[in-house]
Structures are given as structure tokens and as C-alpha cells.
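Just follow the structure's listing: the first ligand is 1, and inside any ligand the first atom is 1.
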Amino acid sequence: MEEQAAEVIINQAKLRLIQGDITKQDTEAIVNAANSSLMGGGGVDGAIHRAGGPAILEECKQIVARQGRLPTGKAVMTTGGNLKASYVIHTVGPVWHGGNKGEPELLASAYHESLKLAADNNLASVSFPSISTGAYGYPVDRASRVAIRAVDAFLRQRATSVREVVLVVFDSQTFTAYSLALREITGQDKKRD
Ligand code: ADP
């Protein structure tokens, strides 16, 4: 169901934007917009657990037993179960409370911590959904800028194992917001060195 796509190169890594279903991606890891309980839920979280099977929830339960609930802005990694992706990186984005409760910093942290976990585990490719813009109510025009700034900053800061980041958005309005932000922040329309 890949309808639209855009791509830029940042520090020799590829940043792609596509419209599609994150559970179908074949990147080494996919990111889950989880909640702090790591017990699954609606939206993309439910879709990932349904497609990946019970092994993911089993590991989530072990993580929570060991270290408690996952704080907003942090990330942990589990198996990908039956998914094409080998791993799922679970992160918790902020609930939107109007923008003065640290939401931009917490959302940037969710992207940064997920990418750092991928790099620490030597992964080459990772897909993200549009974290916080569903049930958590973060306005998509603002969230798209935070997301792309965070990924851009991470890829620029140093060379890591991460060679490809895919932003997988579900609907065409979200795609439009992200593609505007991509152009605004990277200054690139298409591929370039
Ligand atoms: P949050 O609680 O962080 O807001 P949601 O899952 O409610 O997370 O929504 C985040 C975004 O993920 C929304 O834009 C939603 O449309 C989208 N989404 C839902 N299912 C999928 C899927 N299978 N693949 C990619 N994106 C999805």
C-alpha cells in the first residue's frame, strides 16, 4: 500500500518517507509507539503485536518486571517475533497537553533514544511510525518537524551503523505534513550527496 515516497541523503545515510504499514517493513528494526506499560494497546502498537505474535509481549513483560514501566522519551528493544523486521524498538512518545509540558523535548528524545539503541546494537536500518500523533494527540505539523529534526541531528552528529531510516506514515495528510517538514529542514527535495 505504498502510495507516496520521498528520499534525502544525510551524512551518507538515507532518510526515506513513505506512506504505508509499518508492520510490513523489512528494515532490521521497526519502532513501536508504545505506552509506558508495554502491554500493547490500540493504533500502531496493537497492529505490531497482532502481526508479530506473542513473543513480543512476552519480552515486554520481562522488561517491565526487571526495570518497571518505560518512561516517556525512553526506548527498549525486543524480538520482532513473526515480523519481517528482526527487532521491535518500543518507545513512548508524550501525550500532547498544549505544548508547554516538555512535549517537543520528549518527542525528540523518543526518536533519539530509539536511534541510539539501534546504533548501540549495530543495526543498519530502522522504520518509525508517526509517534504521538494518533491517540496521544500531538499536532502532526509540529510532530513532523520534531521527528525530522531529531533524525537529521542524529544522522549528522557522527557516523553510526544506521544507514537507512524510514518514516512510515499511515495516511496522506500525515504524509503531506512530513514531506513539507522534510523539505523545510533538510533543504532537499530529492536525492543528493
Ligand atoms: P500514539 O499513541 O503515539 O499517538 P497511535 O498508534 O495512536 O500512537 O498513532 C500514531 C500514528 O500511527 C498515527 O498516525 C496512526 O495513524 C499511525 N498508524 C496506525 N497504525 C499504523 C500502521 N500499521 N503502520 C503505520 N502507522 C500506523
Side-chain angles (χ1 to χ4, degrees), residues 1-6 15-53 56-57 60 64 69-78 80-85 87-99 101-115 117-118 125-148 150-151 164-182:
M1 201 193 59
E2 189 172 315
E3 294 168 18
Q4 308 188 73
L15 171 56
R16 295 205 301 133
L17 168 64
I18 65 169
Q19 188 181 353
D21 181 345
I22 197 162
T23 66
K24 306 260 163 56
Q25 301 306 309
D26 62 1
T27 46
E28 258 187 291
I30 66 170
V31 174
N32 180 18
N35 57 58
S36 288
S37 75
L38 296 182
M39 288 301 122
V44 72
D45 195 1
I48 288 172
H49 281 283
R50 274 195 300 279
I56 300 174
L57 188 60
C60 285
V64 173
R69 291 164 68 87
L70 184 64
T72 305
K74 301 292 186 201
V76 295
M77 194 162 91
T78 67
N82 303 327
L83 296 168
K84 283 189 197 159
Y87 305 98
V88 176
I89 294 173
H90 306 262
T91 191
V92 182
V95 175
W96 179 256
H97 290 296
K101 295 274 193 297
E103 293 94 331
E105 293 78 12
L106 289 166
L107 185 58
S109 174
Y111 283 92
H112 179 87
E113 293 293 314
S114 298
L115 287 165
L117 197 51
S125 56
V126 49
S127 298
F128 283 90
S130 178
I131 299 167
S132 284
T133 66
Y136 281 7
Y138 208 121
V140 68
D141 56 330
R142 295 177 189 233
S144 60
R145 287 195 217 109
V146 172
I148 287 162
V151 174
E164 185 180 15
V165 176
V166 188
L167 304 174
V168 185
V169 300
F170 217 33
D171 58 88
S172 63
Q173 288 96 320
T174 305
F175 184 90
T176 303
Y178 273 75
S179 76
L180 286 172
L182 189 66

_L182 vs L15 side-chain heavy atoms within contact, under 4.5 Å_ = yes
*Closest approach of G52 and L83, non-hydrogen atoms and distance?*
CA-CG, 3.7 Å
*Contact atoms of ligand 1, heavy-atom distance to G20 under 4.0 Å*: 24 (N), 25 (C)
*If you have a sec, work out which protein heavy atom is nearest atom 8 (O) of ligand 1 and how many Å separate them, to one decimal?*
A33 CB, 4.0 Å
*Examine D171 against ligand 1 and note whether any of their N/O atoms are separated by less than 3.5 Å.*
no
*Looking only at non-hydrogen atoms, which of S130, A47, A135 approaches atom 11 (C) of ligand 1 most closely?*
S130
*Taking the non-hydrogen atoms of G93, is any one of them nearer than 4.0 angstrom to ligand 1?*
no
*asked:* So which atom in G40 and which in H49 form the shortest heavy-atom distance, rounded to 0.1 Å?
replied: CA-CD2, 3.8 Å
*Looking only at protein heavy atoms, identify the closest one to atom 17 (C) of ligand 1 and say how far it is in Å.*
F170 CB, 4.0 Å
*asked:* Looking only at protein heavy atoms, which one is nearest to atom 6 (O) of ligand 1, and what is the separation?
replied: V44 N, 2.8 Å
*Identify the closest protein heavy atom to atom 4 (O) of ligand 1: which residue and atom is it, and at what distance?*
G134 N, 2.8 Å
*asked:* Any heavy-atom pair between the side chains of V168 and I30 that's under 4.5 Å?
replied: no
_Counting only nitrogen or oxygen atoms and a 3.5 angstrom limit, does S132 reach ligand 1?_
yes
*Options T133, I22, N32, ranked by nearest heavy atom to atom 13 (C) of ligand 1, top entry*: T133
*Please check if the side chain of S109 supplies one atom and the backbone of E105 the other of a donor-acceptor pair under 3.5 Å.*
no
*For ligand 1, which atoms sit closer than 4.0 Å to a heavy atom of G43?*
6 (O)
*Gap separating the OH atom of Y178 from the CG atom of D141, nearest 0.5 angstrom*: 10.5 Å
_Any F170 side-chain heavy atom under 4.5 Å of I22 side chain_ = no
*So, T72 side chain and G93 main chain: donor-acceptor pair closer than 3.5 Å or not?*
no
*Quick one: nearest non-hydrogen protein atom to atom 23 (N) of ligand 1, plus distance?*
D21 OD1, 2.9 Å
